[in-house]
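This report concerns only the one structure given below.
All values reported here derive from a predicted model rather than from experimental measurement.
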Amino acid sequence: MAICRGFVVAGVLVLAAAGPGFAYTGPSKSTSGGSDGDGGLSAGVQYAYPSGKQTGPGSKPMASSNVTWSPPPCWIGPVGDPKTFKANILKQVANTNVPGQANYALEAMNELQKHYEEGYTWDGGGDGYKDFNLDKQGKGQFWGPIPNKAMGNDPRTMDCNGTLPFWVDNGKMPPAGTPNVISVDMLSQLAYARTRVPGVTVVTSPAQTQTVNLPTWVHLTQNYSPVRVRAYVDLGGGAQLWAETQAVPQPVEIDPGEKDATRYPASGLCPVAADGTVGAAYNGNPKATPPCGMTYRRSTVGASPYPLRVTVNWKVSWTGSGGAGGDLPDGRVTNDPVPQVTVREIQAVNR
């Protein structure tokens, strides 16, 4: 008879109904040499950075232009070969066997262990396994629910916990119709969420107080070029499921904070040059028009300074296994903190 309870093992809610549920809590896998080596990856999904990993102190994650967008909270993916999977299950069983633990929790974990070790099964629960399939070491992996660790304690990360880990031969995907199985679409979203781009540091000329009716030159200290991130799953036997995103910088939005200001260009969208630069420092010619900037028409005397907001937008697309691909929501990064610009009325200025 199946146990119908819920309990926590190693900080993960394990559900039991027609057999206990499961969530992977074993060690994460990472790679090196152009890939993510921080050791904090979700199990089964690895990340590579073909354009170079953005690790500088000024790099930032992109904010999605679609405020309702979020990456998958969980998925069904590889959780370990037989040896790794056995060690993880036995560790969870041991962590449950502590003084004061409820009997139903102990029973459920005992049944879970027997399911993979002795072929134990529940009514309608499918076949069990013998000794964690150790005789198939190197021939496949167990697949099971994996929470998106980047989402912390979000309860949606447990939405996949109703699926018990099951065996999948190398190079293959789980049977059609299995819910929440990792897909190229999911991998593209995980790669998007993993993308970091240069931040936004604004420099103006003049550097401090601006002057009514004189141009303010603007440039950014960062260089912007396409950023690529690949998320992939090792299916065994040399096969991979993968998706790679590419974020391409778009013209940079300049908002002077004053509605009557003249913008350069008139659209308020400063182009990203071929070398990745945006704007330019003052060139010494008082008659020149800045490639990026504005001319304030009203002073801030007796009023609050103008907030100068600068936003770098990123167009994001992806490609993946089997020729899959498409677009993802645009990304954006805005300067923070926002400079407060003071504008004076006098006409003479030394730059």
Side-chain angles (χ1 to χ4, degrees), residues 22-50 71-72 74-92 112 115-117 119 121 126-149 160-161 163-192 194 228-245 318-326:
F22 178 91
Y24 182 80
T25 59
S28 299
K29 187 175 183 181
S30 60
T31 56
S32 59
S35 299
D36 208 334
D38 62 10
L41 306 185
S42 296
V45 176
Q46 302 177 63
Y47 299 86
Y49 303 85
C74 63
W75 57 89
I76 301 299
V79 296
D81 59 25
K83 290 181 179 179
T84 302
F85 182 68
K86 177 179 180 179
N88 186 54
I89 289 290
L90 295 182
K91 180 180 179 181
Q92 291 202 32
L112 184 69
H115 177 67
Y116 295 103
E117 194 169 52
T121 189
D127 295 334
Y129 300 86
K130 295 293 185 181
D131 199 16
F132 295 88
N133 273 7
L134 288 178
D135 61 333
K136 295 184 178 181
Q137 182 71 26
K139 298 179 181 180
Q141 306 174 85
F142 282 96
W143 287 51
I146 302 171
N148 187 341
K149 296 179 182 178
C160 304
N161 283 15
T163 301
L164 274 175
F166 53 91
W167 180 259
V168 178
D169 289 335
N170 278 343
K172 295 184 177 180
M173 293 290 291
T178 305
N180 302 311
V181 170
I182 191 72
S183 64
V184 289
D185 185 66
M186 288 181 179
L187 287 169
S188 74
Q189 295 177 57
L190 291 170
Y192 181 102
R194 201 77 179 185
R228 294 158 56 203
V229 178
R230 174 176 289 220
Y232 61 98
V233 171
D234 182 2
L235 301 178
Q240 281 188 358
L241 187 72
W242 63 273
E244 182 173 303
T245 57
W318 68 277
T319 57
S321 301

Next on the checklist: For Ala231, give me all partners under side-chain contact (heavy atoms from CB on, under 4.5 Å), at least two apart in sequence or on another chain.
Outcome noted: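 side-chain contact (heavy atoms from CB on, under 4.5 Å) check on Ala231 returns Val45, Tyr47, Leu187, Ala191.
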Checklist entry - Taking only residues two or more places apart in sequence, or in another chain, which ones meet Ala324 in a side-chain contact (heavy atoms from CB on, under 4.5 Å)? => result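 With neighbours one apart ignored, the set is Val184, Trp318.
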Answer yes or no: is there a side-chain heavy-atom contact under 4.5 Å between [X] and [Y]?
| X | Y | result |
| --- | --- | --- |
| Cys160 | Ile146 | no |
| Ile182 | Leu190 | yes |
| Trp75 | Pro145 | no |
| Tyr192 | Val229 | no |
| Thr84 | Val79 | no |
| Asn148 | Pro71 | yes |

Checklist entry - With sequence neighbours left out, which residue pairs that include part of residues 128-145 fulfil the salt bridge (Lys or Arg N to Asp or Glu O under 4.0 Å) condition? => result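 Those involving residues 128-145 are Lys86-Asp131.
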Checklist entry - Side chain of Tyr116, backbone of Pro165: donor and acceptor closer than 3.5 Å? => result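 Yes: the side chain of Tyr116 pairs with the backbone of Pro165.
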Next on the checklist: Test your reading of the model: is there a side-chain donor-acceptor pair from Ser321 to the backbone of Trp242, 3.5 Å cut-off?
Outcome noted: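 It does hold such a pair.
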Taking side chain to side chain donor-acceptor pair (under 3.5 Å) as the test, write out the residues that go with [X], two or more places apart.
| X | value |
| --- | --- |
| Glu117 | Gln113 |
| Gln240 | none |
| Ser183 | none |

Next on the checklist: According to ring pair (Phe, Tyr, Trp, His ring centres under 6.0 Å), who are the partners of Phe132, at least two apart in sequence or on a separate chain?
Outcome noted: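 None.
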Checklist entry - Checking side-chain hydrogen bond (donor to acceptor under 3.5 Å, both in side chains) for the pair Asp81/Gln137: CA distance, chi angles, key distance, verdict? => result CA-CA 7 Å; Asp81 59 25; Gln137 182 71 26; 3.2 Å; yes
Next on the checklist: Tell me which pairs pass side chain to side chain donor-acceptor pair (under 3.5 Å) where either residue lies in residues 166-180, with sequence neighbours left out.
Outcome noted: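 For residues 166-180, and leaving out neighbouring residues, the side chain to side chain donor-acceptor pair (under 3.5 Å) pairs sorted by first residue read Trp167-Asp169.
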